[in-house]
Amino acid sequence: MSTSTMTASSVCEQESAPVAQSGALSLSGLCKSYNNLRVVDDVSLELRPGEFVSLLGPSGSGKTTTLRIVAGFIKAEAGVVTLDGRDLTGVPPHKRDIGMVFQNYALFPHMTAAENIGFPLAMRRQPKAAIRERVEEMLRLVHLEGLGNRYPGQLSGGQQQRVALARALSFRPGVLLMDEPLGALDKKLREALQLEIMRISRQLNITVLYVTHDQAESLVLSDRIAIFNEGRIEQIGSGEDLYERPLSLFVADFVGESNILRGVIADNAEEQVRLASGASVRVSQRACRRVGLSGGARAAVVIRPERMAVRPAQGEDDGAASDSELAADLPGKLREVVYLGSERKYVVELAGGEVVTVRVQEGTAEPLTCSGVRVCWKANDCVVVADPTLADAGSASLSAVKPGGEATEGGE
Amino acid sequence: MNRKPNKGLIVAVVLVGLFLVAPTLIVMVMSFSSGSTLKFPPEGLSIRWYESFIDSSQWTRSVWMSAKIAVSTVILGTGLGTLAALGFVRGRYLGRGIVTTIIVSPMVVPAIVIAVGMYMVYVRWGMQGTMWGMVAAHTSLAIPYVIVNVAASLQNFDRNLELAAQNLGAGPIRTFFRVTLPLIMPGVAAGALFAFMTSWDEVIVSSFLASPQVRTLPVVMWDAVRTLVDPTMAALATMLTVLTVVLLIGATVVRKVGMRKR
């Protein structure tokens with residue numbers, strides 16, 4: 001026992017020799033309501049020291065409120081935030097030692113860049129010489145050497161953002177919070193600063209909680225992403241987890257582009273999802289079990305556009321059923337073709353009325369021109385999630401069934 | 001926009017300007033008269049009436065008294081008014097509108113009504129004729145102007161700056177003095193200027209609350225105008241006008257310099 005503990009601790013020391021490993025942030029069961037509306041609903045999240053986690057979701061999904069609870073600006077009705085095991089409940093914001101970068105920088109306009117960066121150090125009553133030295137160091141870190149005497153109004157948006165970052169880091173906080181820090185910048189600058197933020201957070205090995213509604217940004221930056229929806233965390237995982245293995249329809253729809261086919265899992269065989277049009281899609285039993293669905297449940301089949309294939313419909317409809325690899329092979333009409341340079345996007349209306357998008361890499365197949373096509377994909381390339389859609393929405397999709405479609409409605 | 005000025009417009013502007021400024025200019029010219037009555041044009045030029053003003057202990061005492069009262073009013077009125085403005089802009093409580101209306105009411109209630117009311121209350125409380133009674137009265141008249149000015153600058157204030165200060169380790173008091181106050185300073189300074197002018201110029205309420213020991217300059221001037229009219233008045237008026245102009249120019253310069261930093 002004792003030997004194994006010793007080796008474990010020595011390994012730890014080797015890995016983190018220069019920096020003390022602090023910054024373990026834990027949120028558990030956070031709740032907050034405004035006017036009886038739950039804006040944050042039982043949010044729990046664990047951040048390892050040095051981890052970069054994004055809170056991603058549509059506006060109004062509670063991610064900024066969560067961040068402000070961590071910063072101490074908002075009191076949670078329930079739940080606890082701890083930093084390195086220290087309970088922060090009741091600790092006022094100025095005693096939390098958590099850095100924050102605001103959406104519009106919130107730089108003090110009456111202080112120079114250097115005074116802004118030195119502000120948290122002055123508040124901690126550090127000696128002037130030490131402050132000056134640390135400010136220089138921070139200016140170098142964010143590549144703003146020589147601009148310390150400028151006022152925020154004399155700096156560009158990107159430079160202001162760098163000052164805000166330097167200010168939030170100058171006092172060596174355990175955790176850095178960022179609230180859509182790049183939202184006000186143009187695309188090119190945003191991408192440059194993303195890389196900068198990544199470099200700095202890695203270099204300082206600091207724990208970061210990052211709020212954004214830009215999924216590309218969160219994919220670039222994060223170790224893990226928490227998807228927010230209506231005050232709740234829908235799913236936490238790496239970008240790949242969320243894209244390849246979404247656990248809910250919301251996540252599947254929100255992260256990346258997806259084709260969603262709604263239907264019901266067949267009662268007798270859990271390997272079939274029957275669509276509204278009556279067509280069947282084969283899915284693996286494991287895929288249904290993964291999200292806890294069994295026969296008779298409403299389900300949605302999610303297929304990414306680049307995982308689908310589209311080809312001309314040759315001859316009669318039942319020609320392709322022979323390929324056992326395919327999960328489905330559905331007839332449809334080609335509605336639109338969009339040339340995107342590296343790929344071509346086909347918009348196809350299936351026989352059941354569902355519209356799907358297929359992305360085909362240029363050069364892998366002849367461009368399609370005919371209107372009658374077939375769309376197919378492999379069983380491994382689709383995931384199944386529960387379909388929480390209400391009954392009336394379901395009947396709406398049923399009404400979209402073409403008169404020519406087979407009547408499998410009562411066929412039980 | 002380099003448009004040729006319209007000649008008719010220039011004439012109109014000059015006429016309106018003259019109409020506004022001419023009475024003051026006439027008084028200024030008269031103050032340098034060497035004669036002993038107020039007359040325009042003056043009989044000759046001298047500064048004897050300025051000397052007479054400085055030699056008269058009645059005048060200099062009232063200037064000194066007015067200054068003490070005005071400065072006290074500025075300190076009290078600006079402090080209280082700024083706090084009140086914070087409460088009005090930031091606070092969310094029942095009856096906020098009513099409280100606001102009451103505090104701002106001295107701006108709309110006729111001065112004579114306030115004067116009579118204050119006089120009756122002050123006599124009962126033994127505050128009539130005291131300097132601090134006068135300061136209290138002037139402060140209540142000045143506070144609305146401070147509130148209006150400070151509230152205007154608070155409206156445009158980004159509260160994230162205060163959150164940022166707290167996040168960076170400043171407690172509520174240091175947040176106020178290091179971040180909020182410097183940024184609303186233009187409003188506070190304008191409020192202080194108004195508070196000073198309110199106290200310095202006040203005649204009606206001051207006349208009711210004055211006593212032989214506590215007489216402000218406007219009260220003495222008012223009495224002087226009714227009894228004897230000599231050019232000392234004109235000399236005094238000229239000095240007061242110059243003081244006001246200097247104050248206003250000073251305030252503008254301070255604001256311009258403050259703006260350049262941003």
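Only heavy atoms go into these numbers, but all of them, side chains included; no hydrogens, no water, no symmetry mates. Proteins get letters first, then strands, A, B, ... in listed order; numbering begins at 1 in each. Quick caveat, the model's predicted, so the values are computed rather than measured.
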Residue [X] versus chain B: region with a heavy atom under 4.5 Å:
| X | result |
| --- | --- |
| A:Arg125 | side chain |
| A:Arg68 | side chain |
| A:Phe171 | side chain |
| A:Leu121 | neither |

Where do [X] and [Y] come nearest, in terms of heavy atoms and distance?
| X | Y | value |
| --- | --- | --- |
| B:Leu163 | A:Phe73 | O-CZ, 3.4 Å |
| A:Pro93 | B:Gln166 | CG-OE1, 3.5 Å |
| B:Asn160 | A:Ala106 | O-CB, 3.9 Å |
| B:Ala170 | A:His94 | O-CB, 3.3 Å |

Exercise. Taking every heavy-atom pair that is under 4.5 Å apart, which of B:Gly169, B:Ala165, B:Gly171 has the most such pairs with chain A?
Worked result: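 Between B:Gly169, B:Ala165, B:Gly171, the count favours B:Gly169.
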
Around [X], counting heavy atoms of other residues, nucleotides and ligands shown, do more than 12 lie under 6.0 Å from its [atom1]?
| X | atom1 | answer |
| --- | --- | --- |
| B:Phe19 | CZ | no |
| B:Leu20 | CG | yes |
| B:Phe194 | CZ | no |
| B:Leu94 | CG | no |
| B:Ile10 | CD1 | yes |
| A:Asp186 | CG | yes |

For this session: Find the distance between CE (A:Met123) and CG (B:Asn167) and round it off to the nearest 0.5 Å.
Result: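 The CE atom of A:Met123 sits 13.0 Å away from the CG atom of B:Asn167.
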
For this session: Measure the CG-CG distance between B:Asp158 and A:Leu107 for me, rounded to the nearest 0.5 Å.
Result: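 The CG atom of A:Leu107 is 10.5 Å from CG of B:Asp158, to the nearest 0.5 Å.
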
Expected list for residues 27-35 of chain A: side-chain donor-acceptor pairs under 3.5 angstrom, two or more places apart:
| residue | atom | partner | partner atom | Å |
| --- | --- | --- | --- | --- |
| A:Lys32 | NZ | A:Lys75 | O | 3.3 |
| A:Ser33 | OG | A:Arg38 | NE | 3.3 |
| A:Ser33 | OG | A:Glu77 | OE1 | 3.3 |

Exercise. Checking B:Arg178 against chain A: side chain, backbone, both or neither under 4.5 Å from a heavy atom?
Worked result: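 Answer is both: backbone and side chain atoms of B:Arg178 are under 4.5 Å from chain A.
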
For this session: Could you go through the side-chain contact (heavy atoms from CB on, under 4.5 Å) check for B:Val179 and A:Phe119 one step at a time?
Result: CA-CA 10 Å; B:Val179 174; A:Phe119 183 83; 4.2 Å; yes

Exercise. Backbone N or O of B:Leu168 within a donor-acceptor pair of the A:Arg124 side chain at under 3.5 Å?
Worked result: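 Looks like yes, one N/O pair under 3.5 Å.
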
